[in-house]
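The structure appears below as structure tokens.
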Amino acid sequence: MSALRAAALAALVGLAVVAQVVVFRYVALDGVVPDLALILVVVAAIDRGPQFGALLGFGAGLLLDLAPPADHVAGRWALALVVVGYLSGRVRQDARSSTLTAVLVVGAASFVGTSLYAFSGSVLGDGALPADQMLRIIVTSVLWDLLLAPLLVPLLLWILGALRPARERAVREPVRVS
Amino acid sequence: MARRSGSRPSRWSGPPTSDQRARRTFALLVLAALTVITLDARAGDSSPLDPVRRVVGEVVGPAESATATAFRPFTDIGGAFRTNHGLREDIARLTSENATLRGRIASSPVDQKRLAELDGLTRTVADTGYSMVAARVVAMGPMQSFSRTVTIDAGTSSGVRTDMTVLNSDGLVGRVVRATRSNATVLLIVDSDSVVGGRLGTDLEVGFLRGRGSADNTGRLTLDLVDDSVEPSKDDLVVTWGSKDGVPYVAGIPIGRVESVVSTPRQSSRLAVVKPFVDFTALDVVGVVVPKDTEGDRPVLTAGAPK
């Protein structure tokens, strides 16, 4: 029921994280790939609200931090994606109205998320690069996300929508039985 | 964490609105993330998160390998895929079967390239005398994580351990920083955290090579010589200096060539910019230097005695 929905969501997050490092490395621009996990978190936050966005962001971020080949201080992506999930959820009323707005939210979220990650790295002295290089990487990743968002936003909204009625049905069923 | 505290008595009067709940969850998750960061950042070498990392690696690593295998046909454009897997299995017999294999896959340029890489690896084994386990790169860390790491499809079950040297037929690739049963994470030498002891080919002067953090075509290393009076010349070869017992780098592996020499006016020392031999954007077959008597689930390439 709810566990099934959670498992499907977890699988979706896992798929995003794995695809990011395995599949997209062949089309990486200077090593920069689209932030699939971030896009998923943003779309989920737009669909379900800030609380859900923050929770999913924490989970997805932690997976990004711990899954190989990650070798940075764990928790950095988790922090960035919690903020991204929460903020995207706050603007959901505006973002749900049109795909274009949602795409723009993804772009803004991508900038905020990657910058926050870069900032935490600078504070911790963990894998910090010169500022101009960091900026170039951040801009490239934002462009990547903006490029994929028009395709991914409707697709993910549809998947998340398909997951939701399944849960509601499952919740109602025991009531019907009793 | 958030759920547990959700049942705590509310400080606000009345039942919390969804806005308040969201804000509270957000605050708790930020705190949780900061806690994780603190735990991991302060621990140094033995992080309390290492067991969690290992567990995640045991699950996600094989998933990455499987995805990479599934996607290989699409990335090997025009390839005759059926031989790819076979090639990997046959790696030990490769030296004796080179002729046969050449004939079998001569039609496919991608496979030819891979064969050339494997061929180069066996040649490297013969040249250096080191024993190696061949592996393939399955995943590459995204640049927006600002670190340059890859996952390879060999792990502790093949004898791969932390702090082993990783190279390919062109030169030094990096070192193993973490290994699970079936996968290992390799820190590339272009990562900004990577430091390699290097030696100039002509006058054997020693120095330290630091990565500059990018793996694109501009991926370069800076060589800082211990003896400041020595001026490295352009196109000078740089090889690994090697550490005690070959941990983490074995000696004599080519790294790259000196591309230019930058002298900083404020400091007396000179920095040489080194262009690595390895193309880090197109890593595929790599070799992990293992002890000769390593036993594992994949064959060990040993100099002089191809099985």
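Sequence lines set the chain letters: A, B, ... in the order given, protein chains first and strands last, and positions in each chain run from 1. The structure presented is a predicted model; accordingly, all values stated were derived computationally and were not measured.
Between the B:T67 side chain and the B:A63 main chain, a donor and an acceptor come within less than 3.5 Å of each other.
Using non-hydrogen atoms only and a strict 4.5 Å limit, the part of residues 62-83 of chain A facing chain B consists of A:L62, A:L63, A:D65, A:L66, A:A67, A:P68, A:P69, A:A70, A:D71, A:H72, A:V73, A:A74, A:G75, A:R76, A:W77, A:A78, A:L79, A:V82, A:V83.
The line from CD of B:Q144 to OG of A:S141 is 5.0 Å long, rounded to the nearest 0.5 Å.
Under the side-chain contact (heavy atoms from CB on, under 4.5 Å) test applied with B:P62, the options B:N183, B:D153, B:V138 reduce to a single match, B:N183.
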Which atom pairs, donor and acceptor, lie under 3.5 Å between side-chain atoms of residues 18-25 of chain A and protein residues at least two apart or in another chain?
from, atom 1, to, atom 2, distance (Å)
A:Q20, OE1, A:L36, N, 3.2
A:Q20, OE1, A:A37, N, 3.3
A:R25, NH2, B:V137, O, 3.0

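Salt bridge present: B:D40 and B:R53 bring a charged side-chain N and a carboxylate O closer than 4.0 Å. Salt-bridge formation is not detected for the pair B:D297/B:R181: no Lys NZ or Arg NE/NH1/NH2 atom is positioned less than 4.0 Å from an Asp or Glu carboxylate oxygen.
Scanning for salt bridge (charged side-chain N to carboxylate O under 4.0 Å, His left out) contacts around B:D170 gives an empty result, with sequence neighbours left out. Partners of B:T162 under the side-chain contact (heavy atoms from CB on, under 4.5 Å) rule, at least two apart in sequence or in another chain, do not exist in this structure.
B:I152 does not touch chain A: none of its heavy atoms, backbone or side chain, sits under 4.5 Å away. Heavy atoms of B:T149 lying under 4.5 Å from chain A belong to its backbone as well as its side chain. Contacts of B:R54 with chain A are absent, with no heavy-atom separation under 4.5 Å from either backbone or side chain.
Interface summary for chain A: among B:V55, B:T185, B:T151, the most heavy-atom pairs under 4.5 angstrom belong to B:T151. When the candidates B:I37, B:T38, B:V36 are compared by the number of heavy-atom contacts under 4.5 Å with chain A, B:I37 comes out ahead. When the candidates A:T114, A:T140, A:I138, A:D35 are compared by the number of heavy-atom contacts under 4.5 Å with chain B, A:D35 comes out ahead. Ranked by heavy-atom pairs shorter than 4.5 Å toward chain A, the options B:S145, B:A184, B:G141 are led by B:S145. With respect to chain B, the highest number of heavy-atom pairs below 4.5 Å among A:A118, A:A28, A:S120 belongs to A:A118.
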Could you please spell out the steps behind the side chain to side chain contact (heavy atoms under 4.5 Å, CB included) verdict for B:R212 and B:T222?
CA-CA 7 Å; B:R212 290 183 148 191; B:T222 47; 3.2 Å; yes
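The closest side-chain heavy-atom distance from A:V32 to B:P142 is not below 4.5 Å.
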